[in-house]
Amino acid sequence: MEEISKEMLLWMYEMMVKIREHEERVAELFAQGKIPGFVHLYVGEEAVAVGVMANLRKEDYITSTHRGHGHYVAKGGDIKASMAELFGKKTGSGKGKGGSMHIADLDVGELGANGIVGGGIPHAVGAGLGIKLNGLDNVAVAFFGDGASNQQNFHEGINLASILKLPVVFVCENNQYQISLSYDKQQTIKSVAERGKAYGIPGVSVDGQDVLAVYEVAKEAIERARRGEGPTLIEAKTYRFRGHFEGDPQVYRSKEEVEWWKKNKDPIKLFEEKLLEKGIVTKEELDSIWEKVKKEIEEAIKFAEESPWPSKEEVLEDVFSTPTKGVLVWQW
Amino acid sequence: MAVVREITFAQALNEALDYEMSKDPKVVVMGEDVGVYGGIYGVTAGLYDKYGPERVIDTPIAESGFVGTGVGAAATGLLRPVVELMFIDFLGVTFDQIYNQAAKMRYMFGGKAKISMVLRTVCGAGFSAAAQHSQSLHAIFAHVPGLKVVMPSTPYDAKGLLISSIEDDDPVIFIEHKALYAVKGEVPEEPYSIPLGEADVKREGKDVTIVATAAMVHKSLEVAENLEKDGISVEVVDPRTIVPLDVDTIINSIKKTGKLVVVDEGYPRCGFATDVAALAVNKAFDSLKAPVKIVTPPATPVPFSPVLESEWIPSTEKIEKAVREIL
């Protein structure tokens, strides 16, 4: 912790708070009926996105998941655009055509949330291939959950990155449930990281509630990738404080279990305690970060609420890039 | 001066790939056995020696992984991948990367993503390759919005359409019928492109229109030739691209002849043939002087035995019969 600059520590704190505040407000707006569709929130898992992203540059790439708001925020995605997207507005990152499961900000290397479990993993491999063939020293990070680690795209993607020695880091956010099925019923190994061995790459497991631990592990993996030494698989053990989706009755786990994690393993509280204990920041400094973040989120919500709806004609737009002769977007 | 020679369909595709790779370092070829082996039908022959293993990438048998890699590489704009799916029948193990990822990214991201990628693949029966290596599944791709679907029938079209497809900024499914690889035809040595969405009238006629795709174009031309001896004039229209579709050329031909036969090797239900028939009814109903005839295989898997398979594939006899029935 000592070797990390105060500026970076405060950035990490701010990003975690920003994700938390973003998600808590989205939960409220969803409950009020202002946000339609399916919403999967990242509350409780903030340290994973932030610990990894603290090592990335704007030019690096990430691929995200259905639980993607945290990745988007930490990668520096425009939150006005994403909030407007959650509302389904014209000013949204996807002009209201994607919604929560498909927010993306290609300008900052965020290649998209994804509604298909494991679907984005090979995209990070492709980004890694592009980086390598263009002789760049950037990296691509694939985020995915424990459920995705049973998907073909996990196995095929990691294997491909390994044989081609691509600058890709695979980050499994093991939040211990694939919707309702607990981790111990999905696989018999103790850690997803053990699977690295099967593909000849390092596999490391880390406490995903400890942002500094995630930071250190990610740093090593990302530097290794930048040096051209190939991919790493990281498993961050974490926990989602809310349901799989908003409205999830959560019959598969006890209230006590959830409360225990909130009380003992809240990544923001743990980091806050550390920062205060070491005398790196004052309570006032932390409070002012909360204030700043709240203001930013409220501005994004205001922007989304005041933004226009897409026009009806827009349903036909943005299907293809290159116009052609003949009929491309069919309508009877 | 333009040099035109006779080369095969496979060689024409190879020339298009070679031209694009020589012109644009972002173009890479990847897939199973595309490198040292040169592709199981020889389409990528010589590219590995010329451009090296970094740009002609032999992949593990992991179609979802390498097709998805192509999608991701294209999404970054760092590469323009030409990915080979050895047989169209293998789409089942990678379809998500095609229909949920490549096809929809641009739309879901509000027009901000460009998926400049070509998926080359091989379709078609006639080689006793049985039910899992012989299908013609273009309709499945055409069904999903966001994919361009190209299906050439001649060496000339193959070269020009592949060049256009690689230079296109959308995901293009480029389907090559295996019976066509050895077909020879006149092809200019120089690079040229054929715009997507332009049908080609392969033979002009006035009595009946046949709309046919890929290998069925050649069978239809053979039928047209035979019928001419009986004074029957058949027009053969090759759409060349399924998406986009040159509706005008098809409709104009139907308006001219008043009679339509659609010949396609895809399965009979919810397929390209029924789509064209619906189009005729929808847009040229008043011009139709007879029922629309559809010639496709039956709704069964592709059989193995040569005897069964030749019964399954639309034959010149069946096409001729369909034409005669509506004369």
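Owing to the predicted nature of the structure, the values given are computational and were not obtained by experimental measurement. Residue numbering restarts at 1 for every chain, and letters A, B, ... go by the order of the sequence lines.
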For the residue pair [Y] / [X], report whether a side-chain donor-acceptor contact shorter than 3.5 Å exists.
X         : Y         : value
Glu173(A) : Tyr42(A)  : yes
Ser311(A) : Glu314(A) : yes
Glu167(B) : Ser193(B) : no
Gln187(A) : Asp146(A) : no
Asp96(B)  : Asn100(B) : yes

Determine the option with the most heavy-atom pairs under 4.5 angstrom with chain A, choosing from [options].
options                                 : result
Lys26(B), Gln101(B), Glu63(B), Glu54(B) : Gln101(B)
Leu245(B), Asp246(B), Leu279(B)         : Leu245(B)
Lys112(B), Lys283(B), Lys104(B)         : Lys112(B)
Val247(B), Val93(B), Thr69(B)           : Thr69(B)
Ile61(B), Val28(B), Leu147(B)           : Leu147(B)

Chain A contact via [X] - side chain, backbone, both or neither, heavy atoms under 4.5 Å:
X         : answer
Asn282(B) : side chain
Lys148(B) : both
Asp58(B)  : neither
Ala199(B) : neither
Ile57(B)  : side chain
Asp169(B) : both
Ala113(B) : both
Asp168(B) : both
Val67(B)  : neither
Gln97(B)  : side chain

Check each atom of [X] against the heavy atoms of chain B and say whether the ones under 4.5 Å are side chain, backbone, both or neither.
X         : result
Asp105(A) : neither
Val315(A) : both
Ile131(A) : both
Leu166(A) : neither
Asn159(A) : side chain
Leu111(A) : both
Leu164(A) : side chain
Tyr61(A)  : side chain

Would you say [X] and [Y] make side-chain contact, with heavy atoms under 4.5 Å?
X         : Y         : answer
Met101(A) : His40(A)  : yes
Tyr72(A)  : Ile62(A)  : no
Asp60(A)  : Arg226(A) : yes
Phe141(B) : Leu91(B)  : yes
Glu156(A) : Val125(A) : no

Q: Could you tell me which of Ala124(A), Ala161(A), Ala140(A), Gly326(A) has the largest number of non-hydrogen atom pairs under 4.5 Å with chain B?
A: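 With the most close heavy-atom pairs to chain B, the winner is Gly326(A).
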(Q) I'd like to verify something: which residue of Gly128(A), Gly94(A), Gly98(A) has the highest number of heavy-atom pairs under 4.5 Å with chain B? (A)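 With the most close heavy-atom pairs to chain B, the winner is Gly94(A).
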Q: For the pair His244(A) and His66(A), name the ring-plane relationship: parallel under 30°, tilted 30 to 60°, perpendicular over 60°.
A: tilted
Q: Could you go through the salt bridge (Lys or Arg N to Asp or Glu O under 4.0 Å) check for Arg227(A) and Glu229(A) one step at a time?
A: CA-CA 6 Å; Arg227(A) 289 194 304 267; Glu229(A) 292 169 23; 2.9 Å; yes
Q: Please answer whether the main-chain N or O of Phe154(A) pairs with a side-chain N or O of Arg195(A) as donor and acceptor at a distance below 3.5 Å.
A: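 Side chain of Arg195(A) to backbone of Phe154(A), a donor-acceptor pair under 3.5 Å: no, none is there.
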**Q.** Main-chain N/O of Val150(B) paired to Arg240(B) side chain as donor or acceptor, under 3.5 Å
**A.**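 Answer holds: no.
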